[in-house]
Amino acid sequence: MTVRTRFAPSPTGFLHIGGARTALFSWAYAKKHGGDFILRIEDTDVARSTPEAVQAILDGMQWLGLDYDEGPFYQMQRMDRYKQVIQKMLDEGSAYYCYCSKEELDALRESQMQQGLKPRYDGCWRPEAGKVLPSPPQDIPPVIRFKNPQSGHVVWHDLVKGEISIANQELDDLIIARADGTPTYNFCVVVDDWEMGITQVIRGDDHVNNTPRQINMLMALGATIPQYAHLSMILGSDGQKLSKRHGAVSVMQYDEDGYLPEAVLNYLARLGWSHGDDEIFSKQQFCEWFDLDHITPSAAQFNTEKLNWLNAHYIKQADNEYLVSDITKRLNKLNVVVSAQSNLSAVIDLYKERVSTLNELAANIAYFYQKPVMDQAAAEKHLTVDIKPVIATLVELLKGVDWQAEPIHQVINEVVAQYQLKFPKVAMPLRVMLTGIAQSPSIDQVMALLGKDEVLARIDSALN
RNA sequence: GUCCCCAUCGUCUAGAGGCCUAGGACACCUCCCUUUCACGGAGGCGACCGGGGUUCGAAUCCCCGUGGGGACGCCA
């Protein structure tokens with residue numbers, strides 16, 4: 001049987017890191033087995049779903065390169081089908097109308113909680129053999145509930161967590177259609193997973209408790225039960241749960257912050273899944289290696305340092321054509337304009353091994369294209385009075401040099417020898433004058449790329 | 001409260017009864033490289049939540065405890 005997995009986000013917000021990992025694992029599982037990956041937008045909560053959120057999810061998926069074979073399907077467009085299935089269940093007696101008002105249900109829940117009971121529907125409208133139901137009130141539009149079995153256990157072998165067993169006694173008759181007739185999540189999922197032929201449902205941990213209800217409905221419909229794999233959650237770097245108000249950010253924010261999608265993907269892949277001691281691998285390699293057996297059942301904490309390390313690795317690997325176009329945009333955001341024929345590629349070469357984000361890269365090389373911002377502490381430390389004559393001598397020699405790193409280096413050496421100094425004694429003031437700070441790649445290389453006129457101008461302005 | 005799940009270095013993890021005096025990676029520390037800062041290289045620090053079993057032998061299996069998390073919606 002062909003593997004068919006799906007990612008089924010609800011469009012109530014952006015695609016965050018947890019959703020992205022779920023999508024990645026579902027996607028990789030399908031790829032690994034030569035199956036299909038389906039994108040399904042679960043937008044039945046009309047009040048909270050927005051087209052912007054749909055777009056944000058699509059953007060996130062695209063940025064990560066998680067392509068889908070089918071979809072996106074929108075549940076709101078499948079209403080007719082859901083209603084047919086509900087009618088069928090009504091006809092067959094596996095679903096029934098319930099006329100309880102929200103107020104009544106709230107009151108019931110509250111009193112149960114107070115008594116230390118698990119809050120659940122009391123089944124007052126549940127039809128039973130020999131039971132006399134109250135007569136339906138005229139003013140209350142009914143909801144439709146699923147008639148869940150009342151005894152026995154639902155047991156499934158979770159592909160991540162192992163065997164999970166839940167007593168039907170713990171479950172109540174959930175609402176599958178609202179008073180306005182729209183079906184609810186648990187029901188739509190069942191119909192869709194069934195009709196879309198999903199073979200492995202890979203989703204967040206928070207759905208474990210929905211699973212037995214879904215299995216019961218699937219059984220009532222005579223559908224095949226898919227396999228389930230429940231992924232544990234990703235915690236924030238402080239160990240706390242991620243939420244909109246605490247730490248959860250859009251995957252697009254990582255783009256914004258200067259992370260490469262391959263780094264984010266690689267990082268996410270290793271969060272909760274492992275392949276021996278392997279840490280760095282391509283998307284391709286990941287698809288070949290990925291399996292559900294090596295997913296940790298416990299929650300994982302997000303760690304930015306490790307993401308940074310991976311990002312640094314992928315920046316080193318990135319080809320300059322890509323970097324030039326990306327960094328140009330980031331420089332523009334910093335109000336630094338770089339012309340198309342600039343030496344940006346060479347400058348990037350000088351810096352790509354020294355940064356961990358693209359933003360850092362852009363910020364670090366900005367001085368090539370605009371006047372450096374002088375760091376006062378560095379200036380005070382290195383731009384001393386006694387160094388002025390040395391630099392003056394250097395300037396004279398520099399004027400006649402063939403403007404390449406090697407000859408420049410030799411000229412500096414000459415001055416170093418002439419004044420009987422150590423190399424850094426000359427290189428450091430130079431570095432500060434040219435870059436504004438005390439750290440940079442080899443100063444001769446920096447000078448070579450900065451250009452003779454610019455170097456002389458900066459030295460001149462620093463000296464005076 | 002009830003039900004479900006989880007538990008190895010600070011963090012991500014390897015580990016499917018002997019290969020474990022517990023391996024790797026990030027971070028941290030030291031040294032080397034060096035023109036500063038990085039990169040890179042070599043070392044170092046550092047963990048099986050507790051208690052009972054089972055077994056010749058347990059990080060690995062079972063039970064209890066503790067801790068953490070999730071679910072309990074006419075949200076998904």
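To find a chain, count down the sequence lines: A is the first, B the second, and so on, and within it residues start at 1. Since the structure is predicted, the reported quantities are computational estimates derived from the model, not experimental observations.
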Subject >> Sugar-phosphate only, base, or nothing, as touched by A300(A) at under 4.0 Å among non-hydrogen atoms >> reply: sugar-phosphate
Original post:
W289(A) and H275(A): aromatic ring centres closer than 6.0 Å?
Top reply: yes
**OP:** Please determine, for the side chain of S442(A), which listed nucleotide (G15(B), C74(B), U35(B)) has the closest atom?
**Re:** U35(B)
**OP:** Please state whether the phosphate of C74(B), meaning OP1 or OP2, lies under 4.0 angstrom from any side-chain nitrogen or oxygen of T184(A).
**Re:** no
**OP:** Go along nucleotides 64-72 of chain B 5' to 3' and tag each nucleotide: B for a protein heavy atom under 4.0 Å from its base, S when only backbone or sugar atoms are that close, - otherwise.
**Re:** -----SBSB
Original post:
Which parts of nucleotides 45-50 of chain B does protein reach within less than 4.0 Å, heavy atoms only, written one letter per nucleotide 5' to 3' as B for base, S for sugar-phosphate only and - for none?
Top reply: ------
**OP:** Going 5' to 3' through nucleotides 18-30 of chain B, assign each nucleotide B (protein heavy atom under 4.0 Å from a base atom), S (under 4.0 Å only from sugar-phosphate atoms) or - (no protein heavy atom that close).
**Re:** -----BBSSS---
**OP:** Would you indicate which nucleotide in C12(B), C74(B), A76(B) comes nearest to any side-chain atom of V143(A)?
**Re:** C74(B)
**OP:** Please confirm whether any donor atom in the side chain of H382(A) sits under 3.5 Å from an acceptor in the base of U36(B), or the reverse.
**Re:** no
Original post:
Nearest to the side chain of H294(A) - A76(B), G15(B), U13(B)?
Top reply: G15(B)
Original post:
Can you check the I176(A) CD1 to C74(B) P distance for me, whole Å?
Top reply: 13 Å
Subject >> Distance, rounded to the nearest Å, where L231(A) contributes CG and C5(B) contributes C1' >> reply: 14 Å
Original post:
How far apart are the C-alpha atoms of E170(A) and K118(A), what are their side-chain angles, what is the distance that settles it, and do they pass the salt bridge (charged side-chain N to carboxylate O under 4.0 Å, His left out) test?
Top reply: CA-CA 8 Å; E170(A) 296 297 328; K118(A) 184 167 182 164; 3.4 Å; yes
**OP:** Determine whether the aromatic ring centres of Y267(A) and F302(A) lie less than 6.0 Å apart.
**Re:** yes
Original post:
Between R203(A), H207(A), K161(A), which is the residue that forms a side-chain hydrogen bond (donor to acceptor under 3.5 Å, both in side chains) with H230(A)?
Top reply: R203(A)
